[in-house]
Amino acid sequence: MKKDYRVIALDMDGTVLNDQKKITERTRLAIHRALAAGKEVVFCTGRAYSEMEEYLDEFSDMHYLCLESGALIYDHQKKKPLQMSTIDTRTLEALEQATGVRDILVQIFSEGRSLLNRRHTGQLNRFYMSAYQELYEHSVTPVEDVFAYIRSSCSNVEKVNLYHTSPEEREITRKVLASLQLPLIIVDSEITSLECTPPGINKAFGLQNLCRTLNITMEQVIMVGDADNDCAALKAAGLSVAMGNAQPYIRDLCDIQTADNNHDGCAQIIETYLL
């Protein structure tokens with residue numbers, strides 16, 4: 001007997017989005033059909049709200065978003081956060097000291113905004129982020145110094161991304177941060193990035209908070225993903241789905257596998273399990 005799934009949580013990059021960073025027509029229609037049928041379709045992503053706006057324009061019928069790897073739960077209908085988890089000031093100071101003397105692109109997510117040092121805005125290719133050049137041109141707020149900006153504005157910080165010029169450089173940073181024993185969850189993202197979120201915060205945490213809002217359990221949630229920062233949510237969901245383009249260890253931990261992100265894997269799951 002098929003379970004009564006109420007929510008499908010979809011990672012963005014490598015999952016809903018194809019390699020051209022677009023949502024295909026079939027996937028778009030499947031999402032709208034599921035929402036019209038009374039199901040909740042939730043974009044569950046490491047992105048900030050400002051980085052989602054170009055996609056959200058065509059999903060005014062979507063209710064909720066799980067953003068910044070679970071640190072920000074957002075009510076898309078009311079245009080306001082439901083829940084926000086933040087990194088403390090001392091930890092931010094330690095991150096600044098650990099990264100300031102090295103060639104690292106620091107991206108700070110603050111209250112749904114994406115902040116970047118101005119000098120790095122034209123250098124994304126050096127950090128294996130050229131696929132995001134167009135997105136960042138209209139979704140990122142460039143500042144002279146991200147850490148100084150946060151101090152001067154007294155803004156909250158939910159998440160920090162650290163992009164490197166090579167995977168080897170990422171490993172150096174990982175070891176440095178491990179030695180500092182900072183109260184952070186640190187996971188791999190993209191080719192050379194480390195995602196840093198507050199303790200206990202991941203996509204599973206965010207979805208669990210959303211489930212409480214909806215008065216349902218995680219058994220009624222389908223999670224679809226492809227990467228490290230999806231693992232906790234995949235393990236916690238009632239049905240875990242690996243994209244065909246996911247790494248082997250992601251496929252191994254999931255209940256089922258769907259087609260890759262260039263062949264409407266998300267649409268297949270929506271059509272099969274929600275419609």
Side-chain angles (χ1 to χ4, degrees), residues 8-36 40-82 84 105 107-118 120-125 127-143 146 158-161 163 189-191 193 195 203 206 210 224-227 229-230 243 245 260-267 270:
I8 186 164
L10 306 173
D11 173 53
M12 289 297 287
D13 299 284
T15 302
V16 169
L17 301 181
N18 62 18
D19 288 350
Q20 287 71 50
K21 301 299 179 185
K22 304 295 183 183
I23 300 176
T24 67
E25 183 67 6
R26 179 182 171 188
T27 296
R28 186 184 68 81
L29 290 175
I31 291 172
H32 285 305
R33 288 177 60 205
L35 290 165
E40 298 292 352
V41 182
V42 178
F43 288 149
C44 185
T45 176
R47 293 183 181 218
Y49 183 76
S50 66
E51 298 173 331
M52 293 293 295
E53 290 181 301
E54 68 169 301
Y55 302 106
L56 295 174
D57 285 345
E58 58 181 324
F59 293 106
S60 59
D61 47 350
M62 187 174 289
H63 299 113
Y64 303 104
L65 304 165
C66 179
L67 302 170
E68 301 174 351
S69 300
L72 179 64
I73 306 302
Y74 199 84
D75 187 323
H76 182 43
Q77 298 290 311
K78 296 181 180 179
K79 307 298 182 190
K80 67 176 186 179
L82 288 176
M84 183 187 298
L105 185 156
Q107 180 185 26
I108 286 182
F109 292 166
S110 174
E111 301 173 7
R113 298 169 300 162
S114 173
L115 307 175
L116 206 68
N117 287 331
R118 197 180 308 278
H120 285 141
T121 55
Q123 301 180 23
L124 298 187
N125 61 311
F127 300 93
Y128 293 83
M129 292 293 289
S130 56
Y132 295 91
Q133 186 70 53
E134 182 179 351
L135 169 67
Y136 280 21
E137 286 174 359
H138 59 79
S139 68
V140 168
T141 300
V143 297
V146 287
E158 304 92 64
K159 179 183 171 187
V160 177
N161 283 350
Y163 295 99
S189 180
E190 301 296 335
I191 298 172
S193 173
E195 289 189 353
K203 291 183 180 182
L210 181 57
V224 188
D226 73 307
N229 65 358
D230 300 316
M243 296 299 292
N245 50 288
D260 66 38
N261 64 317
N262 292 315
H263 294 89
D264 292 306
C266 290
I270 292 172

Can you name the closest pair of heavy atoms from [X] and [Y] and give their distance?
X: A34; Y: V41; result: CB-CG2, 3.8 Å
X: L116; Y: Y136; result: CD2-CD2, 4.0 Å
X: F127; Y: Y163; result: CD2-O, 3.4 Å
X: M84; Y: E111; result: CE-CA, 4.1 Å
X: M243; Y: D260; result: CE-C, 3.6 Å
X: L10; Y: C266; result: CD2-SG, 4.0 Å

Is there a donor-acceptor contact under 3.5 Å from the side chain of [X] to the main chain of [Y]?
X: S50; Y: S114; value: yes
X: D264; Y: A267; value: no
X: N262; Y: D19; value: yes
X: D11; Y: V224; value: no
X: N245; Y: N261; value: yes
X: K21; Y: A131; value: no
X: Y74; Y: K79; value: yes
X: Q133; Y: T121; value: yes
X: E51; Y: R113; value: no
X: S139; Y: L135; value: yes

- [ ] Give a yes or no on this: more than 12 heavy atoms of other residues, nucleotides or ligands lie within 6.0 Å of atom CD of E134.
- [x] no
TODO: Kindly check if the number of other-residue, nucleotide or ligand heavy atoms within 6.0 Å of CZ (R33) is above 12?
DONE: no
Between [atom1] on residue [X] and [atom2] on residue [Y], distance to nearest 0.5 Å:
X: I23; Y: L17; atom1: CD1; atom2: CG; result: 5.5 Å
X: H63; Y: L35; atom1: NE2; atom2: CG; result: 7.0 Å
X: H263; Y: R26; atom1: NE2; atom2: CZ; result: 11.0 Å
X: R28; Y: I31; atom1: CZ; atom2: CD1; result: 9.5 Å
X: D230; Y: S189; atom1: CG; atom2: OG; result: 9.0 Å
X: L72; Y: T45; atom1: CG; atom2: OG1; result: 11.5 Å

- [ ] In sequence, state the C-alpha distance, the side-chain angles, and the governing distance for T27 and N18, and then conclude on side-chain contact (heavy atoms from CB on, under 4.5 Å).
- [x] CA-CA 10 Å; T27 296; N18 62 18; over 6 Å; no
Validation row: [X], [Y] side chains within 4.5 angstrom (heavy atoms):
X: V146; Y: V160; answer: no
X: L105; Y: Q123; answer: no
X: E68; Y: Y49; answer: no
X: Y55; Y: V16; answer: no

TODO: Check whether the side chains of Y128 and E190 place a donor and an acceptor atom closer than 3.5 Å, and report yes or no.
DONE: no
- [ ] For a side chain to side chain donor-acceptor pair (under 3.5 Å) with S69, tell me which candidate from R47, E158, E195, K203 qualifies.
- [x] E195
Task: Near-ring test H76/F43, centroid separation under 6.0 angstrom - done: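 No, the ring of F43 stays outside the 6.0 Å limit from the ring of H76, centre to centre.
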